[in-house]
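No hydrogens, no waters, no symmetry mates; every other heavy atom, side chains included, goes into these values. As the structure lists them, so they are numbered: ligands from 1, and atoms in each ligand from 1.
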Amino acid sequence: MTEYATLTLEGKTYQLPVITGTEGEKAIDISKLRQDTGYITMDIGFANTGSCKSDITFMDGEKGVLRYRGIPIEQLAEHSSFREVTYLLINGDLPTKKQLNRFSVLLNDQSLVHEDMQLFFQHYPRLSHPMGILSSMVTALKGFYPYLEDLEEEVNITVTRLISKIRTLAAMSYKISLGHKVVYPRPDLTYCENFLNMMFDSPVRPYKIEREVVKALSIFLILHADHEQNCSTSAVRVVGSGRVNLYAAISAGIAALWGRLHGGANQAVIEMLEGILKEGLTVEKVVEKAKDKNDPFRLMGFGHRVYKTYDPRAKIMKAMCDRLLAKLHIDDPLLDIANELEEIALSDDYFIEKNLYPNIDFYSGIVLRAIGIPTNMFTVMFAIGRLPGWISQWRESVDDPEWRISRPRQIYIGPTERNYLPVEERR
Ligand code: CMC
């Protein structure tokens, strides 16, 4: 039986249908509100607006729950691989052994990129940020693979191509930025092993693939793989709703992720911690600065729109960070500062009252540093991880029978009608 919410406006009563999700979350359907009442709703930053129904990822920000297709993130991080999680997100279920093998073969088959792409990298301005380069390169892929994408088989190949090639492109861009020879993907290596090898192998120092590092990278990517309707995923859905091709929609997601309030926070956290170390600031001073309303500084890696408790991804990331550093015998002074900062912030009234907890980016940079990833590539790593989420959300939106082009409204607050003045009459 449909439940309704009652709205009274200018003495008239309207019945608005209530929608209930499988985990009991509720929404009021206002899609006919303007048509029936002439009113729109106002929700800056979409903090209370549901933009779609989705069966991909469930989050409970109050309880710190995150599940992909129903499976808790803790179980996936412990037992699964990034390849398997990618399959799960895109196809809805964990793969059978046969399906996983087939997926691995496809990923391998698609791992090379066109040699001409190296020319793009070589001519890209030297000071460009890797996120800008990645966003352009993903759009450029469309020029190399301009086939139809609406046949099931084509979609599958396009999706696998993107997942496989983004990793090759990222490593290639790093090697070219160093002026080194590009390392090609190898069919005998797994997804994460291949990435590490393409990044770090060199004729003068052959790269030794360590099991702990591969596991850490795999967990890092799994933890980033989807996060329902966040800023970059919404960008993918909004841009995709205009019916652009998948490459263009993903490129928009990469651009959105770049921001320091979103994926760029992992780079910003490390820069913040390095700044504290370099300038010899006390952690107390930094916390005071973050609380000061007249200071634009925020504690990077803290706070979240949805989580009002500890981000479950941050918990796993922190544990993994401690484990990895111990295994690699790395003593990173930034980890000490991060631990101290967390302890002080979590016992401070300002952070307690506002429910500000460490998010995934607080410890992820330290993990990436330990793996050897340069700081300006941290957000690229987030993008590689988030790609399966973007793709599955794009696919869901394309197949959604309730789909409509994204087109919010506004309340206009500019001047009312006035006449054009010829230039001589203006003052
Ligand atoms: N340091 C200090 N104060 C903060 C912080 C912070 N990191 N985050 C939020 N606040 C304060 C904010 O000033 C506001 O105070 P008041 O109510 O007095 O105006 C209150 O907490 C609520 O913050 P908000 O900005 O309204 O919250 P939001 O949901 O719009 O923003 C956020 C969420 C993640 C952008 C924000 O918490 C932030 O800027 N954090 C730092 C950047 C960061 O770590 N981003 C990574 C997010 S996780 C990765 C991802 O999925 O994107």
Side-chain angles (χ1 to χ4, degrees), residues 43-49 56-62 64-66 68 73 131 220-237 253-273 275-276 281 283-318 338 341-342 344-368 378-390 393:
D43 182 21
I44 311 284
F46 310 130
N48 293 288
T49 296
I56 302 170
T57 289
F58 173 69
M59 282 172 79
D60 181 333
E62 275 69 37
V65 171
L66 174 63
Y68 298 159
I73 191 68
M131 284 298 274
F220 172 93
L221 297 176
I222 290 171
L223 295 180
H224 285 84
D226 195 44
H227 217 219
E228 50 119 301
Q229 308 314 316
N230 57 84
C231 174
S232 55
T233 302
S234 299
V236 169
R237 279 190 180 255
I254 295 171
L257 188 73
W258 192 354
R260 56 193 283 118
L261 295 189
H262 189 17
N266 57 12
Q267 178 174 343
V269 169
I270 288 297
E271 287 166 357
M272 175 184 79
L273 297 174
I276 295 172
L281 291 174
V283 166
E284 286 79 4
K285 181 117 188 105
V286 174
V287 170
E288 281 313 310
K289 210 167 139 56
K291 286 160 46 177
D292 184 353
K293 278 260 161 248
N294 300 316
D295 191 326
F297 174 77
R298 281 187 167 194
L299 204 52
M300 299 315 287
F302 257 74
H304 198 274
R305 170 63 62 79
V306 179
Y307 293 124
K308 298 303 161 207
T309 181
Y310 216 101
D311 177 343
R313 305 167 303 169
K315 248 186 225 167
I316 303 170
M317 189 70 82
K318 183 174 173 15
L341 207 50
E342 177 183 339
I344 293 186
L346 289 185
S347 57
D348 188 290
D349 285 348
Y350 174 95
F351 288 85
I352 295 170
E353 275 158 26
K354 295 184 192 300
N355 291 318
L356 300 171
Y357 291 84
N359 58 51
I360 188 166
D361 293 319
F362 197 64
Y363 288 102
S364 66
I366 298 174
V367 168
L368 293 176
F378 285 3
T379 316
V380 167
M381 302 305 296
F382 193 150
I384 297 174
R386 184 55 53 87
L387 186 60
W390 288 333
Q393 301 267 354

Q: Taking the side chain as every heavy atom from C-beta outward, state whether Gln229 and Arg237 have any pair of such atoms under 4.5 Å apart.
A: yes
Q. Residues two or more places apart in sequence or in another chain: which of them pass side-chain contact (heavy atoms from CB on, under 4.5 Å) with Ala345?
A. Leu299, Phe302, Phe351
Q: Just jot down the salt bridge (charged side-chain N to carboxylate O under 4.0 Å, His left out) partners of Lys291, sequence neighbours excluded, or say none.
A: Glu288, Asp348
Q. Between Tyr307 and His227, what is the ring plane arrangement, given parallel below 30°, perpendicular above 60°, and tilted in between?
A. tilted
Could you give the N/O to N/O pairs under 3.5 Å linking ligand 1 and the protein, each with its distance?
{"from": "ligand 1", "atom 1": "1 (N)", "to": "Leu299", "atom 2": "N", "distance (Å)": "3.1"}
{"from": "ligand 1", "atom 1": "3 (N)", "to": "Tyr350", "atom 2": "OH", "distance (Å)": "2.9"}
{"from": "ligand 1", "atom 1": "7 (N)", "to": "Leu299", "atom 2": "O", "distance (Å)": "2.7"}
{"from": "ligand 1", "atom 1": "7 (N)", "to": "Phe302", "atom 2": "O", "distance (Å)": "3.0"}
{"from": "ligand 1", "atom 1": "13 (O)", "to": "Arg298", "atom 2": "NH2", "distance (Å)": "3.2"}
{"from": "ligand 1", "atom 1": "18 (O)", "to": "Lys293", "atom 2": "NZ", "distance (Å)": "2.8"}
{"from": "ligand 1", "atom 1": "18 (O)", "to": "Lys354", "atom 2": "NZ", "distance (Å)": "2.8"}
{"from": "ligand 1", "atom 1": "19 (O)", "to": "Lys293", "atom 2": "NZ", "distance (Å)": "3.2"}
{"from": "ligand 1", "atom 1": "25 (O)", "to": "Arg298", "atom 2": "NH1", "distance (Å)": "3.1"}
{"from": "ligand 1", "atom 1": "25 (O)", "to": "Arg298", "atom 2": "NH2", "distance (Å)": "3.0"}
{"from": "ligand 1", "atom 1": "29 (O)", "to": "Arg305", "atom 2": "NE", "distance (Å)": "2.8"}
{"from": "ligand 1", "atom 1": "30 (O)", "to": "Arg305", "atom 2": "NH2", "distance (Å)": "3.1"}
{"from": "ligand 1", "atom 1": "39 (O)", "to": "Arg298", "atom 2": "NH1", "distance (Å)": "2.8"}
{"from": "ligand 1", "atom 1": "40 (N)", "to": "Phe302", "atom 2": "O", "distance (Å)": "2.8"}
{"from": "ligand 1", "atom 1": "44 (O)", "to": "Gly301", "atom 2": "N", "distance (Å)": "2.8"}
{"from": "ligand 1", "atom 1": "44 (O)", "to": "Asn359", "atom 2": "ND2", "distance (Å)": "2.9"}
{"from": "ligand 1", "atom 1": "45 (N)", "to": "Leu261", "atom 2": "O", "distance (Å)": "2.9"}
{"from": "ligand 1", "atom 1": "52 (O)", "to": "His262", "atom 2": "ND1", "distance (Å)": "2.5"}

Q) Measuring from Asp226:CG to Leu387:CG, what's the distance to the nearest 0.5 Å? A) 11.0 Å
Q: Identify, with sequence neighbours excluded, every residue that meets ring pair (Phe, Tyr, Trp, His ring centres under 6.0 Å) alongside Phe58.
A: none
